[in-house]
Each structure stands twice: as structure tokens, then as C-alpha cells.
There are 2 protein chains.
Amino acid sequence: MPSKYDAEPSRLDEAARAGWLYYVAGNTQDEIAKKLGVSRQSAQRLVSLSISAKLIKVRLDHPIARCMELSQHLKDKFDLRGCEVVPSDPTSSSVTLGIAQAGAAEMERHLKSEKPLIMSVGTGRTLRACVDQLQQMDCQMHSIVSLVGNIASDGSASAYDVIVRLADTVKAPHFPMPLPVIAASVGEREILQSQTLIRHILELAKNADVTFVGIGHLGEHAPLLEDHFITDAERADLQKVGAVGEIVGWTYDGEGNIIDGHTNDRVASAPMMPNHNKPVIGVAAGIDKIAAISGALRGKLVNSLITNEATAELLLK
Amino acid sequence: MPSKYDAEPSRLDEAARAGWLYYVAGNTQDEIAKKLGVSRQSAQRLVSLSISAKLIKVRLDHPIARCMELSQHLKDKFDLRGCEVVPSDPTSSSVTLGIAQAGAAEMERHLKSEKPLIMSVGTGRTLRACVDQLQQMDCQMHSIVSLVGNIASDGSASAYDVIVRLADTVKAPHFPMPLPVIAASVGEREILQSQTLIRHILELAKNADVTFVGIGHLGEHAPLLEDHFITDAERADLQKVGAVGEIVGWTYDGEGNIIDGHTNDRVASAPMMPNHNKPVIGVAAGIDKIAAISGALRGKLVNSLITNEATAELLLK
DNA sequence: TACGTTTACGGGCAAATACTCACTTGAATA
DNA sequence: TATTCAAGTGAGTATTTGCCCGTAAACGTA
């Protein structure tokens with residue numbers, strides 16, 4: 001297997017070099033071509049590769065007035081510890097655009113801490129996008145624990161495996177939860193959660209110093225449904241009793257009250273802790289998530305929010 | 001008085017937004033212009049402002065990034081034409097690992113030139129390692145000339161015969177210097193260097209288009225000593241008068257000034273040319289060479305450097 | 001060895017971007 | 001009120017970049 005110190009630098013090494021020269025040093029592609037001894041076209045390919053391989057990470061470091069304003073209003077209205085609003089691109093279809101970078105920055109901020117901390121994380125597309133924006137770090141003193149099972153109904157590991165990727169990038173010890181999101185029965189949940197290993201993980205999660213979760217809606221394309229954790233009948237049922245959103249599998253109504261019974265009887269995730277005294281950061285945006293986010297904020301299921309401009313405006317309506 | 005949450009966005013806000021749309025969301029400046037309701041040129045100015053105001057932070061997440069940064073700092077600090085820093089493998093004891101490949105690549109880059117050029121080379125373990133990494137080429141139009149004698153004190157050819165191996169690999173006419181590195185006396189040097197053949201070689205060396213040299217230290221295991229070109233007494237003597245390093249036999253102090261007298265009176269190598277206007281590339285790494293490399297850079301005995309990460313960090317201290 | 005397939009390369013060109021210059025605006029000042 | 005000056009604007013233009021496409025080398029297969 002080729003190592004990092006291979007005689008000939010891998011294509012990615014060259015791409016990194018080209019990307020650095022282009023974005024950091026401000027060379028033109030012609031200059032890069034000359035320096036690396038390749039044609040201009042090859043240099044262009046390398047630069048382009050450095051982006052597509054996610055080697056280049058761009059962030060905006062400026063509080064845009066409009067976003068600051070929205071964030072302040074959200075903080076006031078929902079009594080939040082923190083709130084970050086990133087600009088929206090009205091024409092972009094990507095919901096995680098911008099959110100991902102902001103989420104990653106917030107994660108890094110916590111992970112940079114000298115003293116060991118426990119970070120707990122949920123799962124989902126949004127969190128995964130955040131984790132993809134993280135820079136490599138060395139966080140061996142921290143621990144990362146999953147709040148939610150990563151076993152899909154068919155037994156495979158979830159496609160949005162946030163924790164492994166996260167721990168991999170920041171080189172931290174991690175504790176995924178080898179459980180389904182929702183157990184087959186109440187009894188099964190009892191049995192699963194009584195395992196020593198799982199109890200240890202749940203204990204860790206309870207003591208987490210900071211928590212990052214995504215927020216799922218229960219509409220037509222509910223993540224829980226799309227990932228086959230619940231059936232469409234169950235979803236319809238939940239909606240009927242007023243459920244509007246879901247965090248790590250726990251469904252709740254418009255006021256943020258955890259739904260009694262239904263699938264919640266079988267959710268194997270770590271329990272929600274409304275009004276938690278540590279940062280619990282929800283990362284979510286999108287028009288179809290408005291009700292879900294609003295509920296989570298009202299019920300104080302999360303006490304911090306990272307979202308975008310458009311979503312923030314709707315939440316303040 | 002305008003508050004932080006003023007409705008009216010400042011120019012920097014607009015710049016931030018434009019920068020965000022450009023770098024994070026990937027819009028073209030035309031699209032940004034449309035969205036912000038300004039002309040395309042203004043959009044360009046905003047984007048450009050977002051960079052010059054350092055609102056946009058670009059990071060390269062790859063081990064190479066550190067090397068690029070170090071290389072840039074070295075270039076700035078010592079006013080170098082070029083500088084390449086290769087990753088260090090902290091677990092490897094080999095000092096030439098990586099350097100050799102980088103050096104070979106640099107040599108090849110020059111040798112690929114269509115128009116005939118003269119390459120002059122020093123000697124030593126490091127250069128030998130570079131040459132061993134060269135690929136076969138056909139460079140009959142170029143000439144390769146040695147800067148330094150290859151006759152050891154016992155009359156044998158040096159074990160690190162760089163030039164013959166180099167010329168052999170790239171099939172170029174070559175001019176080794178049939179001299180000792182250090183003549184027995186000042187007079188002997190005169191006689192040796194007055195030979196027509198030698199004078200021709202020295203003339204060639206003076207007109208070299210590119211030069212590659214190793215950098216030797218004068219510590220306990222100084223190459224000059226180990227190869228029996230100088231005695232331990234001479235070495236101690238040189239150290240006493242401040243010599244820290246040596247290039248093709250010429251010893252110099254911490255500021256890169258060639259030592260007056262001592263062994264330098266008898267060095268038979270081509271003369272050093274500080275501040276040369278052609279590339280003079282030093283190839284060296286290792287903790288015991290720090291002072292020697294630093295001196296060579298300060299005195300502009302070389303104007304380009306190929307080294308490794310660990311050495312680069314120490315040089316910048 | 002011959003042949004089909006994949007991969008990378010570089011020429012060329014249209015789109016996108018950066019830069020220059022002459023002009024406008026508005027605030028400060030004589 | 002006139003003048004100066006800094007900052008911004010749009011037009012025009014040169015440079016840079018992104019991408020298509022034909023060619024060639026590399027690779028796997030028969």
C-alpha cells in the first residue's frame with residue numbers, strides 16, 4: 001500500500017500543492033503549472049481536484065449585519081444560549097450550504113479546548129455535511145459519543161455515519177452506539193439498553209459537555225421514513241397526534257413536548273434533556289423543517305441553533 | 001447613531017455577502033451582481049474586498065499544507081529564489097528520505113530544458129541520494145561539470161561520486177575534476193589549478209546555468225573529516241574560528257562569510273559565488289546541519305533550498 | 001501480439017475575472 | 001460658494017479560467 005512517504009507523490013499531494021499555491025499563495029494556474037512542471041491544463045485539473053477532494057475549505061469570517069440581527073432576535077425569542085445565522089443563497093438547492101461550514105467551525109471551537117471534553121452527536125445529512133467540513137485535528141484527549149443507534153433496519157450501518165467520520169477527522173476516541181434507532185419492541189429496547197456496553201455509552205452521553213444534533217421533520221420525506229426507521233403508517237400516526245419533528249429519533253409536538261407512546265416507546269437513543277445546562281446545538285435549515293425547529297426551540301430540546309437566513313426569517317414569523 | 005443591528009448594511013457586509021456567495025456558494029460574479037442588485041464590476045470589487053479584508057479564510061487540509069507554509073516563510077526570511085520543503089517522517093532515521101526525490105525532481109526539471117545548459121554539482125551523501133533517484137534521460141545537449149575534486153586523500157575516487165553517476169543516468173557529457181578536495185599546500189593548489197584542463201573546467205563551472213550543492217557541517221562527524229579530507233585538528237581549528245559549515249570544501253561562518261585562511265587557502269574547488277544570479281540550489285536536511293544551512297542562506301552562498309519539514313522548522317526559529 | 005477500454009494530456013475557445021481609466025458623487029475645507 | 005480629495009462607478013480590455021474534444025499512452029484481455 002502506498003504510504004505518505006512514497007517515492008512519488010500521489011496525485012492528491014500534487015493537488016494539495018496546486019490548491020495551496022492557487023488559493024493560499026494566490027498564484028495563477030500558469031504559474032502553478034510552471035512551478036510544478038506540468039501543463040496549464042494539468043494544473044487546472046489539480047486545482048479542481050483539490051476542491052472536489054475537499055482539501056480546500058473556505059469559510060467566511062464576518063458577522064453580516066442582517067444575519068446578526070436575525071440571530072439576536074432568535075436568541076431573544078427562544079431564550080437561546082447561542083445562535084448563528086448564515087447567509088442563504090436563494091437560488092441554491094443545497095440546504096446545508098453554509099450551515100455545514102458554520103457547524104464545523106463551532107465543532108472546532110469546542111474541540112480546540114485544552115481540557116478533555118465529551119462531545120455527543122446525533123446523526124443525519126446536515127451533521128454529516130458539517131463533519132465533512134472539519135479540518136484534521138488531534139483531539140485524543142476528547143471523547144465523542146453517539147446519541148443514537150447507527151444500525152439501519154436492514155442491519156447495515158447508516159449511510160450518514162457521522163460519528164466515525166468525525167472521530168476519524170479529529171483523531172478522537174469514539175463510541176458509536178451499536179443499536180437500531182428504534183427497537184422492534186418495548187421489551188427489546190429494555191434488553192438492548194441493559195447491556196453493559198450500551199449503559200456505559202448512555203452514561204457518557206448524559207455527561208456530555210457539548211451536544212450537536214440535527215433536527216428532522218415528519219413530513220412526506222421525513223428522514224426517519226426515508227431511512228426506513230419507521231413505516232409510513234407510523235409516520236401518519238405520529239403526525240395525527242401532533243408530532244412535528246424529531247431529534248435523534250425522539251418525536252415531539254409543536255411545543256417541543258416529547259410525544260407519549262407510539263414510536264417513542266421503542267426509541268433506543270439517549271434520552272432528551274430539555275433545559276440542559278450544557279450547550280445542545282441544533283443544526284438545521286430548510287422550509288420543511290420550520291415546524292420541527294420551532295418545536296425544538298420552544299420545548300428547549302436544544303438551547304443553541306445554527307441555521308440560515310431564510311429559515312431564521314420564517315422562524316421569527 | 002448606527003447600531004450593530006442597523007438595517008443598512010455596511011460595505012463590508014456587502015463584501016462578506018459577496019465573498020460568501022462567491023467562495024462558499026460558488027456563484028459567478030454575474031449572479032452575485034444580480035442578487036445584490038449591483039453592477040458586475042461592483043460585485044467583482046466586493047469579492048475582491050472580501051479577500052483583501054481577510055473576511056474569507058481558505059484552508060488546505062492536507063499534510064503538504066504545512067510544508068508549503070514553511071517553504072514560503074523560508075523564502076521570505078532568506079530572500080530565496082526557490083525553496084522546497086518535503087514532509088519529514090519522524091519515524092525514519094534516513095535524512096535523505098523525501099529530499100532525494102525532491103532534489104531529483106528539481107534536477108530533472110532543469111535537464112528537461114530544450115536549450116543546452118551547464119549544470120554544476122558538488123558532492124556528498126545527500127546529492128548522491130538525489131542522483132540515485134533520477135530517471136534515465138537523454139541529455140546529450142547539456143553539460144555537467146563538477147565543482148569539487150573527487151580524489152580522496154589516499155588517491156582513490158570518492159565514494160560519493162555524484163557526477164559520474166549523474167552523467168551516466170542522464171547521458172550527458174560530464175567534466176569531473178581530477179583533483180583532491182583540498183590540496184596539500186597553497187602552492188600545490190596553484191599548480192593544479194593552472195593546468196589547462198582544470199582551468200577549462202573551472203571556466204565551465206563559472207558559467208553554469210544551474211548549480212546543485214550539498215551542505216556539510218563541521219561537527220563531530222563532519223563529512224570532510226569522515227572522508228579524510230581534513231584532520232580532526234584542522235576541524236577543531238576551523239570550529240574555533242567560527243566555521244559552522246562547508247560547501248564543496250569551502251568553510252564559512254554563521255553569517256555565511258567564507259573563512260579567511262586555514263584550509264580555505266588550499267581548497268581546490270571552484271570558488272563560491274555569493275549572490276549568484278543563476279539558481280544555486282542547496283540540498284540538505286538534518287538537525288546537525290542547522291547552523292551550516294542557516295549560514296549558507298544568510299551569506300547567500302545558495303539561493304534556493306531543498307530541505308525537510310523538521311529542518312525547516314528549526315531554520316525558522 | 002493484437003485489440004478494445006480506460007485514463008490522462010494538451011490545444012483551442014468561450015466564459016469568467018481582473019485591471020485600467022475617465023468620470024461622478026459627496027463630504028470636508030478654504 | 002468654490003475647490004479639493006477620497007471613494008465609488010461603469011465601460012472597455014487584457015488576462016485567466018473552465019471545459020470540450022481529439023489524440024495518445026497505459027492497461028487489461030483474449
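Quick caveat, the model's predicted, so the values are computed rather than measured. For the numbers below, each heavy atom of this structure counts, side chains included, while hydrogens, waters and symmetry mates do not. Below, chains carry the letters A, B, ... as their sequence lines are ordered, and counting in each starts from 1.
- Applying the side chain to side chain donor-acceptor pair (under 3.5 Å) test to A:S42 and every residue at least two apart in sequence or in another chain returns A:S39.
- When the side chain to side chain donor-acceptor pair (under 3.5 Å) test is applied to A:K75, no partner is found at least two apart in sequence or on another chain.
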### Task
Produce a footprint string for nucleotides 8-21 of chain D: one letter per nucleotide, 5' end first; B if the base is under 4.0 Å from any protein heavy atom, S if only the sugar-phosphate is, - if neither.
SBBB----SBB---
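- Shown here are the side chain to side chain donor-acceptor pair (under 3.5 Å) partners of B:N303, two or more places apart in sequence or in another chain: there are none.
- In the model, A:T96 has no side-chain atom that pairs as donor or acceptor with a side-chain atom of A:T126 under 3.5 Å.
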### Message
Determine whether B:R66 and B:E313 satisfy the following criterion, salt bridge (charged side-chain N to carboxylate O under 4.0 Å, His left out), listing intermediate values before the conclusion.
### Response
CA-CA 10 Å; B:R66 179 76 191 132; B:E313 306 236 22; 3.1 Å; yes
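- Listed by first and then second residue, the side-chain hydrogen bond (donor to acceptor under 3.5 Å, both in side chains) pairs that reach into residues 162-171 of chain A are A:D132-A:R165, A:Q136-A:K171, sequence neighbours excluded.
- The closest side-chain donor-acceptor pair between A:H110 and A:E106 falls under 3.5 angstrom.
- With a heavy-atom cut-off of 4.0 Å to chain B, the contacted part of DNA chain C has its first and last nucleotide at C:dT17 to C:dT20.
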